[in-house]
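I have placed the structure first, in the form of structure tokens, so that the comments after it can refer back to it.
None of these values were measured; they are calculated from a predicted model. Side-chain atoms are counted along with the backbone in the values below, which use heavy atoms only and exclude waters and symmetry mates.
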Amino acid sequence: MPSNTMWWGSLRLLLLLAAAVAAAAEPASTLTGPSRPVTVALRKDRGHAVDLPDTDPRVQRRATGWAPEQITVALSAAPTSAWVSWITGEFQMGGTVKPLNPGTVASVVRYGLAADSLVHEATGDALVYSQLYPFEGLQNYTSGIIHHVRLQGLEPATKYYYQCGDPGIPGAMSAVHAFRTMPAVGPRSYPGRIAVVGDLGLTYNTTSTVDHMVSNRPDLVLLVGDVCYANMYLTNGTGADCYSCAFGKSTPIHETYQPRWDYWGRYMEAVTSGTPMMVVEGNHEIEEQIGNKTFAAYRSRFAFPSTESGSFSPFYYSFDAGGIHFIMLAAYADYSRSGEQYRWLVKDLAKVDRAVTPWLVAGWHAPWYTTYKAHYREVECMRVAMEELLYSHGLDIAFTGHVHAYERSNRVFNYTLDPCGAVHISVGDGGNREKMATTHADEPGHCPDPRPKPNAFIGGFCAFNFTSGPAAGRFCWDRQPDYSAYRESSFGHGILEVKNETHALWRWHRNQDHYGSAGDEIYIVREPHRCLHKHNSTRPAHGRQNTTRESGG
């Protein structure tokens with residue numbers, strides 16, 4: 001028989017091996033400091049980025065008469081309120097279109113704590129929007145009737161059942177759906193899982209992204225711009241992967257095919273009718289039409305907590321979910337320090353009590369920190385205008401899209417590694433038909449032309465050569481920048497799980513991987529003792545002397 005010494009020795013070895021395996025399986029943490037930059041080699045199988053055709057059953061109209069379709073739930077500024085939106089009636093396309101009368105159908109939601117006990121009722125407003133072109137041969141569009149109803153007096157962290165529609169018209173009420181309100185505002189309650197996705201579109205790869213996202217059972221979805229890509233089409237329904245390449249020289253205005261919005265709403269209803277979704281605008285939502293009118297579909301189709309959060313704008317707003325204060329910002333509206341958005345942001349941040357909502361998370365479309373050639377330093381003026389303000393209030397995480405790839409930064413401020421800076425995560429890899437971004441600005445011969453390109457929605461030019469650090473005197477780095485922790489050209493989505501006041505787990509999931517597996521994961525750890533003044537819970541101490549190393553201008 002083996003001796004006790006040998007037995008204990010074997011047991012100790014097994015325990016050490018088990019501990020080593022557990023340690024290897026544990027995600028990395030921002031507490032250990034900035035990680036070395038990682039670039040994952042380009043994979044051949046990146047998905048099928050071809051749009052679903054209008055013949056696909058998932059995008060065809062199934063509602064009849066005045067029955068609701070495209071049902072969506074959105075959050076209000078606090079967990080005691082939520083929005084329900086839907087569409088009734090059919091859109092019209094043609095040279096001449098006559099809008100439906102929004103007063104034809106009532107906007108009613110009946111709701112309660114059980115499917116057979118919808119004892120509460122709320123009413124709201126209805127509208128119709130049009131996309132009109134003053135050019136011969138182009139088709140015009142007018143929508144179905146869009147309804148928005150706000151439910152108030154809800155209990156936090158509670159499942160509510162609801163029906164929407166017009167109870168006074170036979171067949172004009174929806175089936176019963178259900179959603180769960182966010183946890184009560186406070187430092188010890190958080191949504192279970194928050195899905196983050198950008199540049200989604202409506203391709204076969206989009207369906208893979210959504211399937212993977214749904215398998216992770218999110219409690220909330222953040223869509224950081226570029227929704228359905230209706231502006232990749234002419235008004236006759238002809239589309240292309242690159243609008244400017246295919247149509248730019250032959251059309252008098254950048255056309256759109258608005259039915260793609262309806263197709264997207266129908267496809268997404270299975271998700272959005274039961275999981276709240278918060279949206280912020282991207283460049284593909286601009287959609288110019290007659291009279292220089294823009295963003296008509298975006299303004300009309302979604303409900304935003306604009307009034308509740310004091311912004312009174314669909315382009316930027318804020319809301320609370322448990323111990324998280326979310327700020328959604330506009331990259332395509334005035335963000336100068338003299339503008340309304342900046343003034344609202346100053347007021348909104350001043351109201352944040354980090355003892356109540358420890359986490360400060362922001363979302364907007366175009367990234368400040370991207371190392372891809374596509375859109376490199378494109379919204380530098382927005383960063384210059386707003387980064388210092390957000391840094392001074394201790395922004396924890398910034399989610400963006402726009403670049404069709406995945407990238408996560410180390411904690412960074414002004415291109416410099418900073419333990420009190422935000423982690424910037426770009427998830428513009430939702431699956432749209434414009435294909436994947438694969439070229440990096442730091443690769444030889446791929447640094448983009450720094451000269452400004454005319455853009456009415458991105459004001460000014462601020463992207464000059466770096467003045468210090470490894471890229472001093474140049475517009476681009478000659479290697480992956482230190483602030484870039486991980487980058488990969490694959491379609492996918494991310495899941496944020498806030499565990500407590502200081503720890504949140506971020507996972508990014510590739511479409512080509514098995515359900516549940518993560519391509520990138522890290523614990524994002526807040527250090528309030530290090531970055532926040534002890535006597536002022538909203539201002540971080542200027543601990544720049546703790547900067548790990550300088551990273552650029």
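Between P191 and I324, the shortest heavy-atom distance links the atoms CD-CD1, 4.1 Å. Closest approach of V280 to L329, counting heavy atoms only: CG2-O, 3.2 Å. Contact between A398 and L395 at its shortest, heavy atoms only, is CB-CD2, 4.2 Å. Closest non-hydrogen pair, N410 versus A485, comes out as OD1-CB, 3.6 Å. Here the shortest heavy-atom pairing between D241 and E434 reads O-CG, 3.5 Å. Scanning all heavy atoms of the two residues, the minimum distance from A422 to H424 falls at O-CD2, 3.6 Å.
Between the side chain of S489 and the backbone N or O of M436, no donor-acceptor pair lies under 3.5 Å. No donor-acceptor distance shorter than 3.5 angstrom exists from the side chain of Q131 to the backbone of Q258, with no hydrogens or angles considered. Although no hydrogens or angles enter the test, the distance criterion places no donor-acceptor pair under 3.5 Å between the side chain of R301 and the main chain of G265. Proximity of a side-chain donor or acceptor of R343 to a complementary backbone N or O of S338 within less than 3.5 Å is detected. Using a distance-only test at 3.5 Å, with no hydrogens or angles considered, a donor-acceptor pair links the side chain of H254 to the main chain of N231. Between the side chain of H509 and the main chain of G494, no donor-acceptor pair closer than 3.5 Å is present. Proximity of a side-chain donor or acceptor of D56 to a complementary backbone N or O of R58 within less than 3.5 Å is detected. Formation of a donor-acceptor pair under 3.5 Å by the Y372 side chain with backbone atoms of A437 is not found in this model. A donor-acceptor pair under 3.5 Å is formed between the side chain of R337 and the backbone N or O of A385. Without hydrogens or angle criteria, Y267 side chain to D262 main chain gives no donor-acceptor distance under 3.5 Å.
Side-chain polar atoms of S490 and Q512 form a donor-acceptor pair below 3.5 angstrom. Of the N and O atoms on the side chains of D334 and Y342, not one donor lies less than 3.5 Å from an acceptor on the other residue. Side-chain atoms of T371 and Q480 include no donor-acceptor pair closer than 3.5 Å. Checked by atom type, the side-chain pair E378/H402 shows a donor-acceptor distance below 3.5 Å. In the model, E387 has no side-chain atom that pairs as donor or acceptor with a side-chain atom of Y415 under 3.5 Å. In summary, the side chains of D199 and H284 do not present any donor paired with an acceptor at a separation below 3.5 Å, with no hydrogens or angles considered. A donor atom on one side chain and an acceptor atom on the other are found under 3.5 Å apart for E287 and W261. Judged purely by distance below 3.5 Å, without hydrogens or angles, the side chains of N216 and H493 pair a donor atom with an acceptor atom. For the residue pair D51 and Y263, no side-chain donor N or O sits within less than 3.5 Å of a side-chain acceptor on the partner. Between the side chains of T206 and T203, at least one donor N or O lies within less than 3.5 Å of an accepting N or O.
For E269 and R266, the salt-bridge test fails: no basic side-chain N is under 4.0 Å from an acidic carboxylate O. Checked for salt-bridge contact, R487 and D520 miss the test: no charged N lies under 4.0 Å from a carboxylate O. Remark: E497 engages R507 in a salt bridge, criterion side-chain N to carboxylate O under 4.0 Å. Ion pairing of R193 with D219 is absent here, as no side-chain N (NZ or NE/NH1/NH2) approaches a carboxylate O to less than 4.0 Å.
In this structure, OG on S392 lies 8.5 Å from CZ on F413, to the nearest 0.5 angstrom. Residue W264 holds its CH2 atom at 7.0 Å from OG1 of T272, rounded to the nearest 0.5 Å. Separating the OG1 atom in T209 from the CG atom in L200 is a distance of 6.5 Å, to the nearest 0.5 Å. Atom-to-atom distance recorded for T30:OG1 and R408:CZ is 9.5 Å, nearest 0.5 angstrom. Annotation: the span from K373 atom NZ to C447 atom SG amounts to 9.0 Å, rounded to 0.5 Å. Within the model, atoms NE2 of H325 and NE2 of H393 stand 10.5 Å from one another, a figure rounded to the nearest 0.5 Å.
Contact check for E340 versus S313: no side-chain heavy atoms found under the 4.5 Å cut-off. The shortest distance between side-chain heavy atoms of R479 and P470 falls below 4.5 Å. L202 places a side-chain heavy atom less than 4.5 Å from the side chain of L52.
The side-chain contact (heavy atoms from CB on, under 4.5 Å) test with F326 singles out one residue from L75, T357, I194, and that residue is I194. Here the options are Y486, F399, Y523, the test is ring-ring contact (aromatic ring centres under 6.0 Å, His included), and the partner is W506; only F399 passes. Each of L417, D418, D482 was evaluated against P34; a single residue qualifies, L417, per the side-chain contact (heavy atoms from CB on, under 4.5 Å) test. The ring-ring contact (aromatic ring centres under 6.0 Å, His included) test with F304 singles out one residue from F295, F319, Y317, and that residue is Y317. Just one residue in the list N140, T251, T256 forms a side chain to side chain donor-acceptor pair (under 3.5 Å) with Y133, and that residue is T256.
A centroid separation of 6.0 Å or more is found between the aromatic rings of Y316 and Y335. Ring-centre distance between Y141 and Y129: below the 6.0 Å cut-off. When ring centroids are compared, Y332 and F315 stay outside the 6.0 Å threshold.
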**Message:** With side chain to side chain contact (heavy atoms under 4.5 Å, CB included) as the criterion, how do Y515 and H212 come out once you've worked through the C-alpha distance, each side chain's angles and the decisive distance to 0.1 Å?
**Reply:** CA-CA 6 Å; Y515 287 87; H212 279 75; 3.9 Å; yes
**Request:** Go through the steps for I425 and I524 under the test side chain to side chain contact (heavy atoms under 4.5 Å, CB included), then give the verdict.
**Result:** CA-CA 11 Å; I425 300 173; I524 300 172; 4.3 Å; yes
**Asked** Passes side chain to side chain donor-acceptor pair (under 3.5 Å), N205 versus R433? Steps please.
**Response** CA-CA 9 Å; N205 212 90; R433 72 175 294 168; over 6 Å; no
**Request:** Give the C-alpha distance, both sets of side-chain angles, the deciding distance and a yes or no for side chain to side chain donor-acceptor pair (under 3.5 Å) between S484 and E407.
**Result:** CA-CA 7 Å; S484 174; E407 186 164 17; 2.6 Å; yes
**Request:** Carefully, step by step, assess C381 and I458 under the rule side chain to side chain contact (heavy atoms under 4.5 Å, CB included).
**Result:** CA-CA 8 Å; C381 288; I458 301 176; 5.8 Å; no
**Message:** Is there a side chain to side chain donor-acceptor pair (under 3.5 Å) between T238 and N236? Walk through the geometry before answering.
**Reply:** CA-CA 6 Å; T238 302; N236 63 12; 2.9 Å; yes
**Request:** Show the numbers, then the answer: is there a side chain to side chain contact (heavy atoms under 4.5 Å, CB included) between Q139 and Y257?
**Result:** CA-CA 9 Å; Q139 300 291 298; Y257 187 62; over 6 Å; no
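The number of heavy-atom neighbours closer than 6.0 Å to CD of E527, taken from other residues, nucleotides and ligands shown, is above 12.
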